[in-house]
Amino acid sequence: QVQLVESGGGLVQAGGSLRLSCAASGRTFSSYATGWFRQAPGKEREFVAGISWTGSNTWYAESVKGRFTISRDNAKNTMYLQMNSLKHEDTATYYCAADGFEGGTQPADFDSWGQGTQVTVPS
């Protein structure tokens with residue numbers, strides 16, 4: 001499995017922006033789809049966004065469409081999540097996922113996971 005490390009989380013006011021990064025090591029993740037999930041306290045882990053291994057195809061949860069943008073740089077073995085117009089309901093721990101298949105939206109669709117980075121948007 002590939003090792004994944006997220007960064008970029010923090011506390012931001014509603015309407016603000018954050019950019020999350022996910023750095024892969026151990027081996028490249030360039031041949032597989034990758035994605036972002038999030039989990040709020042007391043809730044199940046939910047899909048946020050996914051991207052194909054070439055980066056040509058992206059898919060999003062309805063709740064973040066138009067506000068979040070997923071991208072990846074295979075040369076740097078890094079994936080990103082640009083989050084704009086943040087809302088209180090975006091507060092969660094965000095997880096990077098790899099070794100997935102294109103179009104996957106369930107946690108079981110991905111085999112490798114990072115430890116998560118916290119995003120907090122006060123109400």
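The shortest non-hydrogen separation linking D99 to S112 is OD2-OG, 2.6 Å. Minimum interatomic distance between A24 and L4 (heavy atoms only, all atoms of both residues): CB-CD2, 3.8 Å. Contact record, A97 with M79: O-CE, 4.3 Å, taken as the closest heavy-atom pair. The two residues P122 and Q13 make their nearest non-hydrogen contact at CG-NE2, 4.0 Å. Taking both residues in full, the closest heavy atoms of Q82 and S17 are given as NE2-CB, 3.9 Å, listed atom of the first, atom of the second, then distance. Heavy-atom minimum distance, F110 versus T34: CE2-C, 3.7 Å.
Contact annotation: the side chain of W36 approaches that of C22 to within less than 4.5 Å [non-hydrogen atoms, C-beta and beyond]. The shortest side-chain heavy-atom distance between V119 and L20 falls under the 4.5 Å cut-off. Between Q106 and F37, every side-chain heavy-atom pair lies at or beyond the 4.5 Å cut-off. Taking the side chain as every heavy atom from C-beta outward, Y60 and T58 approach each other to under 4.5 Å.
Of the options D90, L11, V12, a side-chain contact (heavy atoms from CB on, under 4.5 Å) to L18 is made by V12 and by none of the others.
Ring orientation note: the planes of W59 and F47 are close to parallel, at an angle under 30° on the 30°/60° scale.
Here the side chain of N74 pairs no donor or acceptor atom with the backbone of T54 at under 3.5 angstrom. Although no hydrogens or angles enter the test, the distance criterion places a donor-acceptor pair under 3.5 Å between the side chain of E6 and the main chain of C96. Judged by distance alone, with hydrogens and angles left aside, the side-chain atoms of S63 form no donor-acceptor pair with the main-chain N or O of A61 at under 3.5 Å. Checked by atom type and distance alone, the side chain of S21 never pairs as donor or acceptor with a backbone atom of S7 at under 3.5 Å.
Taking CZ from F68 and CG from L81, the interatomic distance works out to 6.0 Å, rounded to the nearest 0.5 Å.
At a threshold of 4.5 Å between side-chain heavy atoms, the hydrophobic network of Ile, Leu, Val, Met, Phe, Trp and Tyr places W113 and Y32 in two separate groups. Linking ILVMFWY side-chain heavy atoms closer than 4.5 Å, directly or via other members, places V48 and Y80 in two distinct hydrophobic clusters.
Remark: R38 is not positioned above the aromatic ring of Y95, lacking an NZ or CZ atom under 6.0 angstrom from the ring centre and at most 45 degrees off the axis.
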Between T120 and Q118, is a side chain to side chain contact (heavy atoms under 4.5 Å, CB included) present by the stated rule, with each step listed?
CA-CA 6 Å; T120 302; Q118 178 67 35; 3.4 Å; yes
Checking Q39 against T93 for the side-chain hydrogen bond (donor to acceptor under 3.5 Å, both in side chains) test, could you report, in this order, the C-alpha distance in whole Å, the side-chain angles of both residues, the deciding distance, and whether it holds?
CA-CA 5 Å; Q39 188 167 17; T93 300; over 6 Å; no
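Under a cut-off of 6.0 angstrom, the local environment of CD in Q115 is sparse, with at most 12 non-hydrogen atoms contributed by other residues, nucleotides or ligands.
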